S.K.: 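Sending over a structure as structure tokens; questions will come in a sec.
All of these numbers come straight from a predicted model, not from anything done at the bench. Every heavy atom of this structure was used, including side-chain atoms; hydrogens, water molecules and symmetry mates were not. Residue numbers begin at 1 in each chain, while the letters A, B, ... track the order of the sequences.
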Amino acid sequence: MSNNNTLIHIDGLTKTFKKVKVIDNLNRDFLAHERIALIGRNGAGKTTLIRCILGLYEYQGVLEVLGMNPRKEREKILQEVGFVPQIPPPIKMTVKEMLYFFGKLLNKDERKFIGIANDLGLDVAANLNKPFLKLSGGMKQKLLVSFALGRQPRILLMDEPSANLDPKARDVLFQYLSDFDKNALMIISSHRIDEIENIVNRQIEMDLGKIVIDQCL
Amino acid sequence: MFSNSVWQIINLDIRQNLRSKWFWVYSLLFGGFVAVMFATGITESQIIGFVGLSRMMVTFMQVSMAILPIYVLISTVRSVVGDRENNVMEYMLSLPISFSAYFWGKLIAKFVVIFVPVFIALLGAAVWGTITNIDVPWDLFFLYSALLASLVIVFLGISMYISVRVKSQDMAVSTAFIIWLFLVAFIDLILIGIMLKMRGNPDIIIALGMLNPLQVFRTGSLIMFDPELTVMGPVSYYILDVVNRNLFIAFAIFYPIFLGGIFALWGNRLFNRRDIV
């Protein structure tokens, strides 16, 4: 750990798939209160980096999340991490079951998730008995965002969170992100900086597994 | 006993299975089979002197041996690899769920949804027998229930291992089918007979046969109502020379559990050590 504010510490992180380095010797610290735009074209390594932080990949080098190893202390770390994937997964649970599942698993009040989803424009009550996978892309994204934000995480990871959202929902989401806990770390992966530059204070651009730009905004 | 996340995965997986049409077809198959056997009067027929519910249970076990292994394999091998392929796993494992909780939660849920319908069908037969004044062989009922549970466990363990190991659902299903074919081919007692005629060491041949969980299940279910294993012919001498009936029953119950457990532990270890998506 570099200092008390460091929530993610990366030292020599390398991830290889079939001899191809998708992340190549990355060294960075991500601090509490930082809002990071993770920019880069397809294949730059953004999603792989997020998956390493989530402990989904084996890797070489040092990666500490909240001072812990994300492969070995997953449950402790992930209690504090909210994640929105790029593509909503085809979960077969109904919305009602998902609310129950997340509430029980995360020990949170379901009403918190419902409130955020409603603010984003998803009529939860009208969709309670629909399977998640039958919802439209935008509706799925709204629900996943509500689960990530409703957890009040110390680290928020979002992989293209607004891709499926209509303009109104996008505005609400960005408002939520602007108001997001100032002591937490937020990393938003995106192809473009212009869309999110108003809500971030640091820009990291990746290309071919390396960081090519790292600047405060 | 289990962490909160294991319970949540079990609960989630059972609910998902209950929504599946396959589950209901499978459940109705076993329930319907028992009903048909009663309706067609199989309890009135005889096999080696056995009538009534014993006769029905023997037939039930034969049907289970035909259906359960392939159903367990095909329905389970896609679970982990399927979640990986369609990104469900990426999302689910971004939640505070350990790899082991996810793996064991799925395995336990599968056990419940596969074993419970079979057990209920068998229990239903026993209850119906009680109501209609047919003698219920409770010793056979409990032993057959244990044998069925161990058959489910061994194929669940193998299936979960395959599901973790392979890269795609197609590969998982193909592998499962090949394993099933292989085990079925080596269950055939005629094949063992031919092998004996080829003058191989019979002890080795029979020992190899007894490594096959399907063969163990079949012999175990036979020995419970036919202690001399007369239907198996000369092979019975070799088996009963080595172990007595009670020991073989214990072996038939615990060996598949052990084998399934080994595969499941192996699968879980692999799951914990490789890239998840």
S.K.: Find the one option among B/N272, B/N4, B/V277 whose heavy-atom pairs under 4.5 Å with chain A are most numerous.
M.R.: B/V277
S.K.: Check each atom of B/R19 against the heavy atoms of chain A and say whether the ones under 4.5 Å are side chain, backbone, both or neither.
M.R.: side chain
S.K.: Let's test your reading of the structure: which of B/S94, B/S98, B/P96 forms the most heavy-atom pairs below 4.5 Å with chain A?
M.R.: B/P96
S.K.: More than 12 heavy atoms of other residues, nucleotides or ligands under 6.0 Å from CG of A/D109: is that the case?
M.R.: yes
S.K.: Could you grab the distance from atom OH of A/Y100 to atom CZ of B/R15, nearest 0.5 Å is fine?
M.R.: 7.0 Å
S.K.: Give me the atom names and distance for the closest heavy-atom approach of B/I276 to A/R71.
M.R.: CG1-NH1, 4.3 Å
S.K.: Rounded to the nearest 0.5 Å, what separation is found between the CD atom of A/E97 and the CG atom of B/N11?
M.R.: 8.5 Å
S.K.: If you count heavy-atom pairs under 4.5 Å with chain B, which of A/P90, A/G82, A/P88, A/P131 comes out on top?
M.R.: A/P90
S.K.: Do B/L93 and A/R74 make a side-chain contact, defined as non-hydrogen atoms from C-beta onward lying under 4.5 Å apart?
M.R.: yes
S.K.: With only heavy atoms counted, which part of A/F17 is less than 4.5 Å from chain B, the side chain, the backbone, both or neither?
M.R.: side chain
S.K.: Relative to chain A, which segment of B/Q16 carries a heavy atom at a distance below 4.5 Å: side chain, backbone, both, or neither?
M.R.: side chain
S.K.: Tell me, for A/K15 versus chain B, whether the close heavy atoms (under 4.5 Å) come from the side chain, the backbone, both or neither.
M.R.: side chain
S.K.: Partners of A/L128 by side-chain contact (heavy atoms from CB on, under 4.5 Å), sequence neighbours excluded?
M.R.: A/V95, A/K96, A/L99, A/V124
S.K.: Crowded around A/K182 NZ? As in, over 12 foreign heavy atoms under 6.0 Å?
M.R.: yes
S.K.: Is it the case that more than 12 heavy atoms not belonging to B/R274 sit under 6.0 Å from its CZ atom?
M.R.: yes
S.K.: For the CZ atom on B/F258, are there more than 12 heavy atoms of other groups (residues, nucleotides or ligands in this structure) within a distance under 6.0 Å?
M.R.: no
S.K.: Please examine the side chains of B/L95 and A/F102, heavy atoms only from C-beta on, and report whether any two atoms are closer than 4.5 Å.
M.R.: yes
S.K.: Do you know which of A/E80, A/R151, A/K104 has the most heavy-atom pairs under 4.5 Å to chain B?
M.R.: A/K104
S.K.: Between B/L12 and chain A, which part of the residue has a heavy atom less than 4.5 Å away: side chain, backbone, both or neither?
M.R.: side chain
S.K.: Below 4.5 Å, heavy atoms only, C-beta onward: do A/L105 and B/S5 meet side chain to side chain?
M.R.: yes
S.K.: Taking heavy atoms only and a threshold strictly under 4.5 Å, list by residue number the residues of residues 49-58 of chain A that touch chain B; give 'none' if the list is empty.
M.R.: A/R51, A/L54, A/G55, A/L56, A/Y57, A/E58
S.K.: For the atom pair CZ (A/F101) and CD1 (B/I9), what is the distance rounded to the nearest 0.5 Å?
M.R.: 4.5 Å
S.K.: Within a radius of less than 6.0 Å around NZ of A/K76, do more than 12 heavy atoms belonging to other residues, nucleotides or ligands occur?
M.R.: no
S.K.: Answer yes or no: does atom CZ of A/R170 have more than 12 heavy-atom neighbours from other residues, nucleotides or ligands under 6.0 Å?
M.R.: yes
